[in-house]
Amino acid sequence: MITPVSIDKIIEELDSNKIYEKQVIKEKITKEITINFAQTATPYIAFLTEGVCVTYLDSPFDHQRRILEILVDKAILGLEMITKEEMVCPKFTQIQKGATVFFFELEYLLNYLSIRPSFSEFLIKYIVESEKRISRRLFTLSNFSRRKKVLSAFIELIEESGIEREGEWFVLPYGIKSKDLTNFCNVDKSFFYKMMKEFFLKGILQYTEDRRMKLNKKKLQAEMLSD
């Protein structure tokens with residue numbers, strides 16, 4: 001039986017076949033770190049297996065963060081090292097405390113992909129989907145009203161991030177901070193909290209016993225259509 005290609009399978013195989021320790025480095029993040037993969041001394045990309053990270057552009061023009069993605073578990077970081085995409089603003093990856101990440105030396109990974117077509121195909125599909133998500137994000141940031149930015153951001157987070165589900169509710173993990181959600185929605189802090197109050201009163205937002213946010217996707221979508 002052929003095992004389907006997955007992030008876990010790629011990690012397992014590359015880790016078991018490495019020649020040098022530095023080719024694959026597993027790290028449990030004990031303190032929040034921010035990485036610009038384009039400026040690391042040794043080129044790496046990374047696989048997030050557990051936890052939360054945020055990718056953002058740091059605009060030199062208006063000194064604002066433009067959050068592109070909030071990723072939860074099973075994600076690939078530093079894809080710009082493969083795509084060689086040119087960006088006007090520096091791209092950063094903020095990995096939250098408690099996450100588990102495997103760093104792969106870029107040369108080792110690319111050489112391995114050349115002999116494993118199924119891994120290459122998996123990575124190409126992942127890159128295409130990632131670029132589609134980022135294109136939608138940039139369109140939303142540029143064209144939607146403040147209210148629609150918040151609604152669409154939460155719907156996207158639910159659909160794309162693979163977060164925990166409880167029936168009709170989707171529970172946000174601890175690592176997603178309010179400031180990151182505010183920046184992800186691209187609205188000011190006061191408007192964001194105004195929307196959270198409205199969501200709570202309308203039964204779109206609730207809180208778990210351990211104070212994590214949980215959201216009702218169907219009600220969010222209904223609000224988006226009626227707005």
Side-chain angles (χ1 to χ4, degrees), residues 1-18 23-27 35-38 40 42-57 66-87 89-96 99-142 152-165 170 172-173 175-176 184 217 221:
M1 181 178 177
I2 299 174
T3 306
V5 177
S6 65
I7 286 176
D8 286 337
K9 180 174 174 57
I10 294 173
I11 291 171
E12 181 183 2
E13 188 167 321
L14 268 71
D15 191 35
S16 64
N17 289 300
K18 67 186 177 186
Q23 289 178 321
V24 182
I25 301 170
K26 179 181 180 181
E27 189 168 343
I35 302 172
N36 181 340
F37 280 91
T40 56
T42 301
Y44 283 95
I45 72 167
F47 285 33
L48 176 77
T49 59
E50 181 183 15
V52 174
C53 82
V54 173
T55 66
Y56 65 90
L57 300 179
R66 300 281 189 255
I67 291 187
L68 301 178
E69 298 175 292
I70 296 178
L71 303 170
V72 182
D73 302 340
K74 311 303 179 192
I76 305 175
L77 318 176
L79 287 172
E80 60 272 21
M81 299 300 294
I82 295 177
T83 61
K84 301 296 183 183
E85 57 187 319
E86 295 292 332
M87 291 188 173
C89 307
K91 184 178 180 181
F92 294 90
T93 301
Q94 177 182 294
I95 307 173
Q96 309 290 37
T100 301
V101 183
F102 285 80
F103 292 91
F104 290 89
E105 191 180 63
L106 184 61
E107 183 179 3
Y108 172 55
L109 176 65
L110 294 179
N111 287 339
Y112 208 94
L113 291 176
S114 69
I115 61 170
R116 290 292 267 124
S118 59
F119 285 11
S120 297
E121 184 180 352
F122 176 88
L123 198 61
I124 289 168
K125 287 181 179 178
Y126 187 96
I127 289 170
V128 169
E129 289 304 313
S130 177
E131 290 182 342
K132 284 180 182 177
R133 287 198 305 270
I134 290 173
S135 294
R136 288 196 296 267
R137 289 273 329 127
L138 295 175
F139 178 84
T140 298
L141 293 175
S142 302
S152 65
F154 277 107
I155 291 170
E156 181 182 332
L157 185 59
I158 286 170
E159 291 179 341
E160 304 290 353
S161 299
I163 59 179
E164 180 184 345
R165 184 169 183 174
F170 291 79
L172 302 190
I176 300 180
F184 189 59
K217 181 181 176 181
Q221 290 172 325

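Side chains included, hydrogens not; waters and symmetry mates left out as well; all remaining heavy atoms used.
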Does Lys18 pair with Glu105 as a salt bridge, N-O distance under 4.0 Å? no
Just checking Lys74: does its NZ atom have more than 12 heavy atoms from other residues, nucleotides or ligands closer to it than 6.0 angstrom? yes
Could you tell me if the side chain of Leu110 sits less than 4.5 Å from the side chain of Phe104, heavy atoms only? no
Rounded to the nearest 0.5 Å, how far apart are CG of Leu157 and CD1 of Ile176? 5.0 Å
By side-chain contact (heavy atoms from CB on, under 4.5 Å), Glu121 pairs with (sequence neighbours left out) Lys125
Interatomic distance, OG@Ser16 vs CD1@Ile11, rounded to 0.5 Å, equals 12.0 Å
Check against side-chain contact (heavy atoms from CB on, under 4.5 Å), Thr93 and Leu71: CA-CA 10 Å; Thr93 301; Leu71 303 170; over 6 Å; no
Heavy-atom closest contact (Lys217 atom, Ile158 atom, distance): CD-CG2, 3.9 Å
State, to 0.1 Å, how close Ala75 and Ile7 come at their nearest heavy-atom pair, and which atoms those are. N-CD1, 3.7 Å
Measure the spacing between CG of Leu14 and NZ of Lys9 and express it to the nearest 0.5 Å. 11.0 Å
Identify, with sequence neighbours excluded, every residue that meets side-chain contact (heavy atoms from CB on, under 4.5 Å) alongside Arg136. Lys132, Arg133, Glu160
Tyr56 side-chain N/O to Gln94 backbone N/O, donor-acceptor pair under 3.5 Å: no
With a cut-off of 6.0 Å (strictly less than), are more than 12 heavy atoms of other residues, nucleotides or ligands near CD of Glu107? no
Is a side-chain N or O of Ser142 found less than 3.5 angstrom from the main chain of Phe139, in a donor-acceptor match? no
Smallest heavy-atom separation, Leu106 atom then Met81 atom, equals CD2-O, 3.9 Å
If we ignore hydrogens and angles and just use 3.5 Å, is the side chain of Tyr126 paired with the main-chain N or O of Ile76 as donor and acceptor? yes
Sorted by chain and residue number, the side-chain contact (heavy atoms from CB on, under 4.5 Å) partners of Ser120 (sequence neighbours excluded) come out as Leu113
For Ile127, check side-chain contact (heavy atoms from CB on, under 4.5 Å) against everything at least two apart and list the hits. Leu79, Ile82, Thr83, Leu123, Glu131
Test side chain to side chain contact (heavy atoms under 4.5 Å, CB included) applied to Leu77 and Phe103, Phe102, Phe37, the passing residue: Phe37
Checking side-chain contact (heavy atoms from CB on, under 4.5 Å) for the pair Phe170/Ile155: CA distance, chi angles, key distance, verdict? CA-CA 10 Å; Phe170 291 79; Ile155 291 170; over 6 Å; no
Using 4.0 Å as the upper bound for N to carboxylate O, is an ion pair formed by Glu69 and Arg137? no
At what distance, to the nearest 0.5 angstrom, does OG of Ser114 lie from CZ of Phe119? 12.5 Å
Contacts of Glu12 meeting salt bridge (Lys or Arg N to Asp or Glu O under 4.0 Å) (sequence neighbours excluded), chain-then-number -> none
Would you be so kind as to tabulate the donor-acceptor pairs closer than 3.5 Å made by side chains of residues 44-51, with sequence neighbours excluded?
{"from": "Tyr44", "atom 1": "OH", "to": "Lys22", "atom 2": "O", "distance (Å)": "3.2"}
{"from": "Thr49", "atom 1": "OG1", "to": "Thr100", "atom 2": "O", "distance (Å)": "3.3"}
{"from": "Glu50", "atom 1": "OE1", "to": "Thr100", "atom 2": "OG1", "distance (Å)": "3.4"}

